[in-house]
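Everything below concerns the one structure shown next.
All figures in this text were calculated on a predicted structure; none of them were measured in a lab.
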Amino acid sequence: MSLKPQTRFTKTSDGVSIGYSVTGSGVPLLFSFPISHQILMIENPVLRPWFEGLARRFQLIVFDSRGTGLSQRDVTWSPEAFALDLEAVVNALSLTDVFVFAPIGYGHGAVHYAVAHPDRVAGLILWASFVNGATALESTHIVDLAEQNWEFFLQTIPSSLHWLEPGQVRAYMDMLRQSSTQRDYLSFIRACFESDMAKICCVSKLRGV
């Protein structure tokens with residue numbers, strides 16, 4: 001399937017611009033990834049076949065959360081803010097029964113949105129997510145290194161992806177460099193350390209969800 005994504009923009013209820021693109025047809029699947037750039041990801045020769053496969057089966061909506069890609073930069077990230085990003089895209093497309101792919105720290109925001117809008121979410125795909133950021137994450141690499149040497153930190157990410165060929169590492173690092181800034185990444189990852197899924201679940205019980 002040939003992917004020719006065209007970026008659209010919407011605004012969250014707190015006034016942040018969010019970029020997203022839509023390809024394929026069928027059941028809606030919202031896809032987002034930390035340190036991402038929706039167009040560069042889809043055009044990446046390593047990742048493109050994966051997106052093509054998804055677009056053959058779903059209405060694939062790829063969006064950049066605040067602080068990444070084509071969405072507004074230099075903003076504060078939190079799970080609650082990610083829920084607002086999700087809400088903005090869902091509302092812009094008038095989606096119902098949507099599946100949400102929420103990897104790593106995005107899982108908390110996706111659960112937060114699902115708790116608040118159970119009638120809009122058909123399912124969550126929480127890949128590499130966690131319950132409590134403080135106990136699940138190791139700060140030495142993903143925080144300290146990123147804070148002290150941003151460029152070297154970007155180099156370590158593609159170097160650790162064993163499915164990349166040696167010649168693909170540089171291109172992947174260039175994509176990461178264009179996808180986020182040091183400030184925006186640190187805002188995201190520090191919020192992940194403070195995230196606790198149990199608190200979200202407690203709120204859902206109080207609401208009777």
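Atom-to-atom distance recorded for Cys192:SG and Ile104:CD1 is 8.0 Å, nearest 0.5 angstrom. Note that the OG atom of Ser65 and the CH2 atom of Trp77 stand 6.5 Å from one another [nearest 0.5 Å]. One distance of note links OG1 of Thr12 with CZ of Arg66; it measures 4.5 Å at 0.5 Å rounding. Taking CG of Leu30 as the start and CZ of Phe99 as the end, the distance is 12.0 Å to the nearest 0.5 Å. Here the CZ atom belonging to Phe63 is positioned 11.0 Å from the CG atom belonging to Leu93, to the nearest 0.5 angstrom. From Leu145, atom CG reaches atom CD of Gln155 across 10.0 Å, with rounding to the nearest 0.5 Å.
Looking only at side-chain heavy atoms (C-beta outward), Glu194 and His108 stay at 4.5 Å or farther from each other. Counting heavy atoms from C-beta on, the side chains of Leu86 and Val98 never come closer than 4.5 Å. Side-chain contact between Ser159 and Val169 is present, with at least one heavy-atom pair separated by less than 4.5 Å. Put simply, the side chain of Ile18 reaches to within 4.5 Å of the side chain of Ser71, judged on heavy atoms. The side-chain heavy atoms of Val62 and Phe33, taken from C-beta on, include no pair separated by under 4.5 Å. Between Ile42 and Arg48, some side-chain heavy-atom pair lies under the 4.5 Å cut-off. Taking 4.5 Å as the limit, some side-chain heavy atom of Val90 sits within range of a side-chain heavy atom of Tyr113.
For Ala171, there are no side chain to side chain contact (heavy atoms under 4.5 Å, CB included) partners at least two apart in sequence or on another chain. For Glu43, the salt bridge (Lys or Arg N to Asp or Glu O under 4.0 Å) criterion is met by no residue, not counting sequence neighbours. A search for side chain to side chain contact (heavy atoms under 4.5 Å, CB included) contacts involving Tyr172 returns Asn44, Leu47, Pro158, Leu161, Trp163, Leu164, Met175, Leu176, not counting sequence neighbours. For the side-chain hydrogen bond (donor to acceptor under 3.5 Å, both in side chains) test, residues two or more places apart in sequence or in another chain that qualify with Asp74 are Arg183. Looking at residues two or more places apart in sequence or on another chain, you find no side-chain hydrogen bond (donor to acceptor under 3.5 Å, both in side chains) involving Gln178. Every side chain to side chain contact (heavy atoms under 4.5 Å, CB included) that Ser78 has, sequence neighbours left out, goes to Glu80, Ala81. Partners of Glu151 under the salt bridge (Lys or Arg N to Asp or Glu O under 4.0 Å) rule, at least two apart in sequence or in another chain, are Arg177. Residues satisfying the side-chain hydrogen bond (donor to acceptor under 3.5 Å, both in side chains) criterion with Asp184, sequence neighbours excluded, are Thr181. With sequence neighbours left out, the side-chain hydrogen bond (donor to acceptor under 3.5 Å, both in side chains) criterion links Ser187 to no other residue. Not a single salt bridge (Lys or Arg N to Asp or Glu O under 4.0 Å) links Arg120 to another residue, sequence neighbours left out.
Looking at every heavy atom in both residues, Gly67 comes nearest to Ser180 through O-OG, 3.3 Å. Between Ile125 and Leu29, the shortest heavy-atom distance links the atoms CD1-CD1, 4.2 Å. Minimum heavy-atom separation, Leu154 to Met173: O-CG, 3.8 Å. Residues Gly107 and Ser129 share a closest heavy-atom pair of CA-OG, 3.7 Å. Minimum interatomic distance between Ser13 and Glu87 (heavy atoms only, all atoms of both residues): OG-OE1, 4.0 Å.
Hydrophobic cluster of Leu70: the remaining members, joined at side-chain heavy-atom separations below 4.5 Å, are Phe9, Ile39, listed by chain and number.
Hydrophobic clustering of Ile, Leu, Val, Met, Phe, Trp and Tyr side chains at less than 4.5 Å, counting indirect connections, unites Leu60 with Val46. Grouping the Ile, Leu, Val, Met, Phe, Trp and Tyr side chains by contacts below 4.5 angstrom, directly or via other members, places Met41 with Phe82. No continuous path of hydrophobic side-chain contacts links Val75 to Leu84 [ILVMFWY only; heavy atoms under 4.5 Å].
Applying the side-chain hydrogen bond (donor to acceptor under 3.5 Å, both in side chains) test to pairs two or more places apart or on separate chains, those with a residue in residues 29-39 are Ser21-Gln38, Ser36-Asp64, Gln38-Asp64.
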Begin with the C-alpha distance, continue with both residues' side-chain angles, and end with the deciding distance and a verdict on ring-ring contact (aromatic ring centres under 6.0 Å, His included) for Phe130 and Phe193. CA-CA 10 Å; Phe130 46 83; Phe193 271 89; 8.5 Å; no

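Applying ring pair (Phe, Tyr, Trp, His ring centres under 6.0 Å) to Phe31 and the options Phe58, Trp50, Trp127 leaves one that passes, Trp50.
Side-chain atoms of Tyr185 come within 3.5 Å of backbone atoms of Ile142 as a donor-acceptor pair (strictly under, hydrogens ignored).
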